[in-house]
Amino acid sequence: MSSPSTSPTPESHGHFETAAIHVGQNWKDETGAVIPPVYLTSTFEYGNSGGFDYTRSGNPNFRNLQQTLAALEGCKHACVFASGVSAITAVVSTLKAGDMVVLEENVYGCTYRLFARVFEKFGVKTAYFDLSNPANYHHITDLKPALVWIESPTNPLLKVLDIAAISAVAKEVNAPVVVDNTFASSYVQQPIALGATLSLLSTTKYSNGHSDALGGAVCTNDNEWQEKMIFAQKALGLQPSPFDAWLTSRGLKTEAVRMERHASNALAFAGRLERVKGVKWVRYPFLLSHPQHELAIEQMRNGSGIVTADLGLSLEQTMAFMEASRYFTKAESLGGIESLICHPASMTHASIPREVREAVGITDGVVRFSVGIEHIEDLWTDVEQALQRAG
Ligand SMILES: *Cc1c(COP(=O)(O)O)cnc(C)c1O
């Protein structure tokens, strides 16, 4: 492989906060620039010492970002893509007709759609189970899948799956485990250390953190998987733009401080929301009331920044609540510094059939908050007034 994807060993990186700022600085030697240039070039002079040939198969901005992401995920390799869905496409493109994939039933909507509407046509088979319930683990050993696909916490219900336990079961039948780590973020959760083969990120969310670029990444310790990902990057044309990679590298430098604030805000927010009269339920991994609270504390550094709740309102009232909110912008996506609010049933999960969606708990009254890093008192005052106006 001519692709420049080598990463230094994780041990030499220092703590997360330090690695986020200091790993991947290979541009420095020539000019001493403290911040990397954006390598807006489609091609490279033949025979250059960096091993670059054409930006579809590698660019210094990808290399910087890949090295930093690998360090932050605590593994050897990362490969970057144009979006989270590109990263998912890269992983699924390694399968062949007849291969079976076992998935958590509550995976991200676009993951479900990609399997159902695209890869099914090519003969890739899927089976969905509630993998937050250990009683369903036997399906993995029974089906001996080519991949096990999980997400934790899940979107939008924030179920927490036992990554170490599922990885151990999958290992019995040599099934690689992919963990979509987007909702937790690299700072909060390290799937590779817990036994997963691949940790997948939509870097659009917490990694970049500023809602100004799309991106995705697949991180691994496995050299063969890294080669497959680098191959998919160039063979399927899934590479990001150098500028988006640069923006994501910039965003990563503050991931640790952002995630601390996201989590402290979200915990306070969830705790208060839980005590509001009429609210049916509030899910947040670090709330005592969360069904997998113990596991969440074991597996995650903090609860991350997403809170999902059933406000106990009708569809009309829920819509009115969302409109009345001043600081929570009604929008898809999550993980940026600004607070967002989303109605999964009509937005992110609209492509999932109603029966399927409601069977997993995504009813019309459910709202998902991406709690930003604003002042918690301003966020809370805003939600109180919006609830009053909606109710
Ligand atoms: C957003 C998201 C994706 C898809 O990422 P894009 O960057 O939007 O393509 C995949 N998985 C999860 C959990 C996400 O939240």
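Both counts, for ligands and for their atoms, begin at 1 and track the order of listing. Keep in mind that the numbers below use all heavy atoms, side chains included, and drop hydrogens, waters and symmetry copies.
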Report task. Give yes if a backbone or side-chain nitrogen or oxygen of F183 is under 3.5 Å from a nitrogen or oxygen of ligand 1, and no if not. Result -> no
Query raised in the report: Got more than 12 heavy atoms from elsewhere within 6.0 Å of CZ, R272?
Result: yes
Query raised in the report: At a 4.0 Å threshold, what atoms of ligand 1 neighbour a non-hydrogen atom of G215?
Result: 7 (O)
Query raised in the report: Is the shortest N/O to N/O distance between T111 and ligand 1 below 3.5 Å?
Result: no
**Report entry** Expected output: side-chain R258 to main-chain I373 donor-acceptor under 3.5 Å
**Finding:** no
Query raised in the report: In terms of ring plane angle, is the pair F243 and W246 parallel, tilted or perpendicular, where the classes change at 30° and 60°?
Result: parallel
**Report entry** Atom CD of E384: over 12 foreign heavy atoms under 6.0 Å
**Finding:** yes
Query raised in the report: Under a 4.5 Å cut-off applied to non-hydrogen side-chain atoms, are R368 and N155 in contact?
Result: yes
Query raised in the report: Under 4.0 angstrom from ligand 1, any heavy atom of D180?
Result: yes
Report summary line: shortest atom 6 (P) of ligand 1-to-protein heavy-atom contact is with G84 N, 3.3 Å
Query raised in the report: Under 3.5 Å between some N or O of ligand 1 and some N or O of T204?
Result: yes
Report task. Consider every N or O of S86 and every N or O of ligand 1, then say whether any pair is closer than 3.5 Å. Result -> no
Query raised in the report: So do I337 and T254 actually touch side chain to side chain, heavy atoms under 4.5 Å?
Result: no
Query raised in the report: Which atoms of ligand 1 are found less than 4.0 Å from any heavy atom of S83?
Result: 7 (O), 9 (O)
Query - Short N or O distance, K205 and ligand 1, threshold 3.5 Å exclusive - result: yes
Query raised in the report: What atoms of ligand 1 come within less than 4.0 Å of a heavy atom belonging to E151?
Result: 13 (C)
Query - Salt bridge flag under 4.0 Å for residues R301 and E260 - result: no
Report task. Could you check whether the rings of F129 and H139 sit parallel, tilted or perpendicular, using 30° and 60° as the cut-offs? Result -> parallel
Query raised in the report: So which protein heavy atom does atom 5 (O) of ligand 1 come closest to, and at what separation?
Result: S202 OG, 2.9 Å
Requested in this report: Could you tell me the residue and atom name of the protein heavy atom closest to atom 4 (C) of ligand 1, and the distance to it rounded to 0.1 Å?
Outcome: Y108 CE2, 3.6 Å
Query - Check: V85 N/O within less than 3.5 Å of ligand 1 N/O - result: yes
Query raised in the report: Hey, do the aromatic rings of Y112 and Y128 have their centres closer than 6.0 Å?
Result: yes
